[in-house]
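In each ligand, atom 1 is the first atom listed, and ligand 1 is the first ligand listed. Both backbone and side-chain heavy atoms feed into the values below; hydrogens, waters and symmetry mates do not.
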Amino acid sequence: MDQTSDVTDIKGVGSEVAKKLELLNIRTVADLVYNYPRRYDDYSHVQKINALKPGQVTIRAVIKQASGTYVRRGMHITEAVASDETGSVRLVWFNQPYRAAALKSDATYYISGDFALRRQRLSIQNPSVEQETSFPVNTARIVPVYREAKQLKSSQIRKYIREISPVIQKIRETLPVWLLRQHKLLSRSEAVMAMHFPQSDRQLHAAQKRLGFEEVFELTLAALLNKQQLAGEHAVHIPFDQKLAQDFVRHLPFKLTDAQRRTVWQIYQDMQAKHPMNRLIEGDVGSGKTVVATMAAVMAIKQGFQVALMAPTELLARQHADTIYDLLKPLGMADTLTLTVGGLKTAHKRAAHESIRSGKARFLIGTQALIQEKVDMHKLGLIIVDEQHRFGVEQRKKLQAKAGHMPHVLHLTATPIPRSLALTLYGELDVSIIESKPLGRKTTVTKICSPNSQTQLYKEIDKQLDTGRQMFVVCPLIRDSNVLLASSAESIHKKFSEGPFKHRRVGLLHGKMKSEEKERVMQQFVGGELDILVATTVIEVGVNVPNATVMLIENAERFGLAQIHQLRGRVGRSEHQGYCYLMLGDSQPPSPRLRALEQSNDGFKLAELDLEIRGPGAIYGTMQHGQLDLRVAKLTDVRLIAAARKAAQEFIDKQEKLVHYEQLNSRVQQLRAVTNLN
Ligand code: ADP
Ligand code: MG
């Protein structure tokens, strides 16, 4: 048996169990090896019975008098007595009728469970028991607790992992020896073994340190190598044209913030350099990234290059086209702009393609359609990817392949990633952070509302609409569902237009509508022909309607923290005060997540809070980063991350050959493909 073996090669795993393991995505022995515990119960401290105190306990004792009875219908109790040399204690199991027969009288067992009061008597309730052995897995140790599937208990998984421990012991080392020494790391096989069956807390921490270190090390190495490669590429030269920049700024209806100014300046430097720019602009919603990107674009266009701006949705692409049209007009560049989205008519599309071919169109705005269609882009000088986490790496690669050379790349994102994470994830990008919002912007007032106070809230909202403002309503579902009890856009639309807001003009927008219809409704809302827009999260990203200052989020408990923050970014985009109401589905007290939203408007702070509440998975979830999952490393462990990043740099400085480390090499190449932008 080795890592590639099928799970059915493990003793005790038949086709039935294999099916259950498959529910946990475990098919091979390797899948089981790297199926780390969800948490641990500490039963390592074996106590004497006469010294037991209420709480989680473990004893070593002989079991006697096991018997089971039905006390009433559907309620079975098994009782037994456990004794050691100091005394006896009662064991009780609820609804485990097989227990009594499974216990051997007079055999010595390890028994772990909750020692608590029941019917005025102390007993150990629902304990795990395991006959005395040199390798206990369920008791008398720090016990691993695994994710369970239907009828597949953690205790079974423990047994299978004990069966494959010879395979774990044969796991080969992946890191250079000098690194292990320098950072006092466990060997890979020791670490994996200790993840499953740690001998002590200290050993568990050492295992986590070793494996987390390795993850960050690999990720950083991949990023550094990509960066090195990019530095070997030749860039198209886009010189800084001071007059053009001044013209652009002069025609803006506002003053650039310092952060915007600094970012634009960094971009202009990048585009004049020998190597292609690869920069990420990270700025909270409403921080004004579009203007910055447009300032980069005009510089390229002026030199005769094409610029491609890709947005994640058609709605957003259209809106960008509108905004950017207004920005280009005073410069006489508006006619270089072309929109290419899926929903365009064939004739329209053909005309667009033709003008791209002829060189008349230079600023190409679109969705994925930009890379799917036969558009000539041999003069592509700059790619701008808005909300970059929404694009798969494959898509990015395709767009770049089209150009035939490596254009400058600018990524824009409003996902506020804590700095430690950004450095690890985007090691190959230069990062500009727009940390401040335009002056005079008021922070959006956020309020959690219970369904009991609905009528009151509707009145309050109506007063705001009276002053000419507009409102977004966001629902978790498009239409009512039998399974999910949550507000749907269709039902809220009906309710509002017939009930509390029947004197208002209420529109509906969701992803199942035809593209022209979506466009028409959005235009009506932008043009002020609708007061209320009931929608799904289609409006989450980027939609800009400054007069819409009220947002009502239905069933707010169903949305993630980062997602609500994005949604909330739709209001408060003008000098008017913005309001965001988080309507709960029932009158239960709100979660700490929602409370945090009430208290903070800072995307970076919220992202860190989310990280604390839900773990790194939360951020990966919203970023859809696929293979970039850190399974062990804690992104809040700043010291570990720093050490691993430094080690990766050292590996390169030492001119170590990656090919000498077969497994490390294949892992790093895999990561490079995920993050690589070539
Ligand atoms: P995001 O960073 O979320 O993409 P946008 O680029 O859509 O933000 O900008 C949000 C709004 O702020 C737009 O209406 C834009 O015109 C405006 N804006 C951008 N920069 C400034 C500024 N320096 N001063 C005032 N308003 C600004
Ligand atoms: Mg934007």
Side-chain angles (χ1 to χ4, degrees), residues 245 248-265 267 279-298 309-330 365-367 384-391 410-417 431-444 469-470 472 522 525-526 528 537-549 551 562-578 580 601-604 606-607:
F248 188 100
V249 173
R250 193 152 35 94
H251 288 109
L252 283 177
F254 45 74
K255 249 185 92 196
L256 289 179
T257 62
D258 286 346
Q260 283 172 317
R261 220 176 264 281
R262 194 188 56 238
T263 305
V264 169
W265 183 240
I267 295 169
R279 183 172 289 279
L280 171 73
I281 303 183
E282 216 186 304
D284 208 347
V285 281
S287 60
K289 296 183 289 292
T290 316
V291 184
V292 171
T294 308
M295 284 192 77
V298 295
L309 188 159
M310 296 211 295
T313 65
E314 215 170 292
L315 206 66
L316 200 53
R318 283 177 193 277
Q319 191 184 280
H320 272 317
D322 286 345
T323 314
I324 291 172
Y325 183 88
D326 291 340
L327 292 170
L328 296 183
K329 211 165 161 196
I365 299 182
T367 56
I384 302 165
V385 190
D386 194 16
E387 299 300 341
Q388 63 96 31
H389 61 285
R390 303 244 154 182
F391 278 103
L410 193 59
H411 311 260
L412 313 181
T413 181
T415 304
I417 307 160
V431 180
S432 301
I433 295 183
I434 303 185
E435 63 285 284
S436 53
K437 292 198 185 167
L439 251 127
R441 212 48 84 62
K442 299 186 176 68
T443 48
T444 299
R469 303 283 89 77
Q470 292 160 284
F472 287 110
M522 199 62 214
F525 192 61
V526 171
T537 50
V538 285
I539 59 148
E540 178 187 350
V541 171
V543 169
N544 191 23
V545 184
N547 191 50
T549 57
M551 173 167 284
Q563 198 176 21
I564 293 184
H565 182 65
Q566 281 279 336
L567 285 167
R568 177 168 66 175
R570 302 308 116 221
V571 293
R573 299 174 80 83
S574 68
E575 70 279 12
H576 303 295
Q577 177 62 54
C580 178
N601 248 289
D602 181 334
F604 286 89
L606 289 171

Taking only heavy atoms of Lys255, which atoms of ligand 1 are found under 4.0 Å from at least one of them?
-> 22 (C), 23 (N), 24 (N)

Under the salt bridge (charged side-chain N to carboxylate O under 4.0 Å, His left out) rule, collect the residues that match up with Arg279, sequence neighbours excluded.
-> Asp270

Distance-only, no hydrogens or angles: does the Arg262 side chain make a donor-acceptor pair with backbone N or O of Ile433 under 3.5 Å?
-> yes

Only one of Asp284, Ile281, Leu412 clears side-chain contact (heavy atoms from CB on, under 4.5 Å) with Ile434; which?
-> Ile281

Heavy-atom contacts with Thr257 under 4.0 Å: which atoms of ligand 1 show up? List them by number with element.
-> 23 (N)

Mind checking what makes side-chain contact (heavy atoms from CB on, under 4.5 Å) contact with Asp602, not counting sequence neighbours?
-> Ser600, Phe604, Lys605

Give a yes or no on whether the backbone of Thr549 and the side-chain of Gln470 come within a donor-acceptor separation of less than 3.5 Å.
-> no

Any atoms of ligand 1 less than 4.0 Å from a non-hydrogen atom of Thr290? List them with their elements.
-> 4 (O), 5 (P), 6 (O), 7 (O)

Close-contact set for ligand 1 against Leu256 heavy atoms, below 4.0 Å | 23 (N)

Based purely on interatomic distance, does Gly288 place a nitrogen or oxygen under 3.5 Å from a nitrogen or oxygen of ligand 1?
-> yes

Out of curiosity, is Ser287 lining ligand 1, as in a heavy atom under 4.0 Å away?
-> yes

